[in-house]
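To find a chain, count down the sequence lines: A is the first, B the second, and so on, and within it residues start at 1. Just so it is clear, the structure is predicted and the values come from calculations on it, not from any experiment.
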Protein chains: 2
Amino acid sequence: MERRRADCIADDLEGLIFDGTFTDGERLDEVQLANRFSVSRTPVREALQRLAQSGLVVQIPRRGVFVRQPGPVELLEMFEVMAELEAVCARLAASRISDEGFKDLLDANRRCKAVVEVQDIFTYYRENERFHAILYRQSGNTFLEQECLRLQRRLQPFRRGQLRVRGRMAQSMAEHETIVAAIDAADGERAAEAIRQHVSVQGEKFHHLVARLKPAAE
Amino acid sequence: MERRRADCIADDLEGLIFDGTFTDGERLDEVQLANRFSVSRTPVREALQRLAQSGLVVQIPRRGVFVRQPGPVELLEMFEVMAELEAVCARLAASRISDEGFKDLLDANRRCKAVVEVQDIFTYYRENERFHAILYRQSGNTFLEQECLRLQRRLQPFRRGQLRVRGRMAQSMAEHETIVAAIDAADGERAAEAIRQHVSVQGEKFHHLVARLKPAAE
DNA sequence: ATTGCTAATCTTGTATACAAAATCGCTTGA
DNA sequence: TCAAGCGATTTTGTATACAAGATTAGCAAT
């Protein structure tokens with residue numbers, strides 16, 4: 001599938017916002033961006049509109065588009081929705097998962113465990129995402145799966161830091177085990193509660209999240 | 001807040017897709033639309049991209065954009081997600097709702113009831129939406145509220161027909177009562193289950209949904 | 001007659017030109 | 001000194017022009 005320049009620019013801009021090149025509230029100048037990417041304003045505008053739809057920037061008519069990083073409150077809200085959506089996936093998956101689907105889940109979990117051993121945060125992050133993606137898939141609801149992937153992607157830059165917390169990786173693994181066990185027992189409610197705990201930001205996790213958020217705000 | 005032409009065109013196109021002027025799979029020609037709205041291709045393209053993001057059309061690079069009406073399966077999936085999202089709202093609202101929020105809910109319910117008396121389907125539809133919107137708000141999670149409103153809007157054209165079913169309006173009202181009672185008792189789980197039943201498409205409702213879907217497919 | 005190739009046409013994607021609106025800065029008056 | 005008004009400049013929104021890829025029709029060859 002061919003990609004248009006506008007698509008590439010949208011992805012690049014997304015990256016630039018995520019990695020803090022563009023800070024919160026900053027105005028994104030169309031001509032500057034056009035020069036930066038060596039294109040005309042047209043594809044830049046298309047890219048900006050896509051970002052506006054996904055919520056990374058806010059577009060004020062006849063004023064321009066401004067970077068809009070979610071604050072602590074909104075971030076907490078997004079994580080809560082993520083937790084609830086994943087809980088729904090887990091509950092549905094508990095009764096709908098196929099044999100091969102369950103095998104995939106076990107496999108993904110094994111791979112996570114192997115990575116925990118060598119304390120490779122980056123790889124764990126990737127394998128963890130795979131584990132969750134399988135759960136979405138096994139909800140048996142394609143639309144739900146897509147929505148989960150969308151939100152997961154949106155929260156991605158904010159989850160990276162979470163695993164750096166000492167002992168978090170091991171704890172995460174333990175929670176995975178609980179989830180898998182509940183699904184194996186076809187106990188939807190228990191699986192839902194387990195993953196809700198796993199994803200939601202509470203107590204210490206909240207502290208670390210906002211702590212990591214601070215630098216970007218300054 | 002001022003609106004650009006592209007925004008208006010997007011809304012108009014959305015309506016034209018919803019009311020069946022553009023059928024499933026049909027290609028939307030940029031120049032034709034530009035002529036139709038008496039504008040250039042630029043705002044038309046912007047509008048089409050917005051529709052593509054919200055899933056009403058699919059955009060194939062260098063081919064064009066095509067109307068994409070969800071089939072029965074996807075529609076069912078979307079309703080399932082809607083039911084689950086609203087269930088989350090209800091569960092959270094049960095413990096978070098404020099006194100005035102609960103009063104709003106009761107008020108909305110009263111207005112629904114008044115409309116049932118006169119069998120005004122269209123007005124009931126509107127008041128019903130208000131009832132649900134209040135529930136979203138009372139979840140205490142703005143992000144969740146927005147997501148619910150988004151999906152509600154997306155499913156709007158498919159819910160219109162549901163109320164025409166004989167006796168559905170009265171049943172819907174009864175379900176509202178159950179939901180309100182559960183929230184009043186701060187019983188989150190019961191409220192969640194009640195609204196899940198209320199929204200989800202099962203049994204007869206499924207039948208009516210696909211029956212109403214048929215004409216658009218032909 | 002059918003299939004494959006080529007060329008003409010059409011459509012999308014991008015660049016540029018133009019119009020309208022908003023911001024900025026200056027001047028002028030109290 | 002400060003505020004308000006007015007003009008210049010900047011910036012967004014839209015139209016048009018141009019380029020590149022896709023579709024289609026016609027022609028030729030087997």
Side-chain angles (χ1 to χ4, degrees), chain A residues 1-18 20-70, chain B residues 1-18 20-70 150 153:
Chain A
M1 174 139 173
E2 307 214 26
R3 286 163 61 81
R4 290 159 301 175
R5 291 191 219 231
D7 296 331
C8 304
I9 292 169
D11 289 347
D12 286 357
L13 279 177
E14 200 177 278
L16 290 172
I17 291 173
F18 282 165
T21 305
F22 296 120
T23 65
D24 186 46
E26 185 173 349
R27 189 175 76 83
L28 296 180
D29 190 282
E30 293 181 1
V31 293
Q32 276 182 28
L33 292 175
N35 291 335
R36 176 175 199 141
F37 291 107
S38 302
V39 294
S40 78
R41 277 174 54 219
T42 312
V44 171
R45 279 179 64 84
E46 293 197 356
L48 288 176
Q49 284 188 306
R50 275 183 39 174
L51 296 190
Q53 288 252 322
S54 62
L56 270 76
V57 301
V58 60
Q59 201 168 15
I60 302 174
R62 309 228 171 249
R63 292 281 168 78
V65 309
F66 301 83
V67 178
R68 185 185 167 322
Q69 294 280 21
Chain B
M1 175 141 170
E2 308 215 26
R3 285 163 60 81
R4 290 158 302 174
R5 291 191 218 230
D7 296 332
C8 302
I9 292 169
D11 288 348
D12 287 357
L13 280 177
E14 200 177 278
L16 290 172
I17 292 173
F18 283 165
T21 305
F22 296 121
T23 66
D24 187 46
E26 185 174 348
R27 182 173 140 270
L28 297 180
D29 191 283
E30 294 181 1
V31 293
Q32 275 181 28
L33 292 176
N35 292 336
R36 177 175 198 141
F37 292 107
S38 303
V39 294
S40 78
R41 277 175 54 220
T42 312
V44 171
R45 279 179 64 85
E46 294 197 356
L48 288 176
Q49 284 189 304
R50 275 183 39 174
L51 296 190
Q53 287 253 323
S54 63
L56 270 74
V57 301
V58 60
Q59 201 168 16
I60 302 173
R62 307 226 171 251
R63 290 283 168 77
V65 308
F66 301 84
V67 178
R68 185 186 167 321
Q69 295 280 20
R150 200 171 56 90
R153 183 171 160 71

Give a yes/no answer on whether the side chain of [X] brings an N or O atom under 4.0 Å of OP1 or OP2 in [N].
X     : N      : answer
B/R4  : D/dG13 : yes
B/R45 : C/dG13 : yes
B/R27 : C/dT12 : yes

Practice item. Going by the salt bridge (charged side-chain N to carboxylate O under 4.0 Å, His left out) test, name the single residue among B/R4, B/R3, B/R5 that passes it with B/D7. Key: B/R4

In this structure, how many angstroms lie between the [atom2] atom of [N] and the [atom1] atom of [X], rounded?
X     : N      : atom1 : atom2 : result
A/Q59 : D/dT11 : CD    : C1'   : 14 Å
A/F66 : D/dT11 : CZ    : C1'   : 11 Å
A/D29 : D/dT9  : CG    : C1'   : 14 Å
A/N35 : C/dT14 : CG    : C1'   : 15 Å
B/E30 : C/dT12 : CD    : C1'   : 6 Å
B/R62 : D/dG21 : CZ    : P     : 6 Å
A/R41 : D/dT11 : CZ    : P     : 10 Å
A/R63 : C/dA20 : CZ    : P     : 19 Å

Point to revise | Charged N-O contact under 4.0 Å between B/E14 and B/R50 | key: no

Exercise for review: Assign each of A/T42 and A/V65 to its nearest nucleotide of DNA chain D by heavy atoms, then name whichever residue's nucleotide is nearer the 5' end.
Suggested key: A/V65

Check your understanding: Are any of the side-chain heavy atoms of A/L56 and A/F22 separated by less than 4.5 Å?
Key -> no

Check your understanding: Which of these, B/D29, B/V31, B/L16, sits in a side-chain contact (heavy atoms from CB on, under 4.5 Å) with B/R36?
Key -> B/L16

Exercise for review: For B/V31, report the nucleic acid contact type (base, sugar-phosphate, nothing); a contact means any heavy atom under 4.0 Å.
Suggested key: nothing

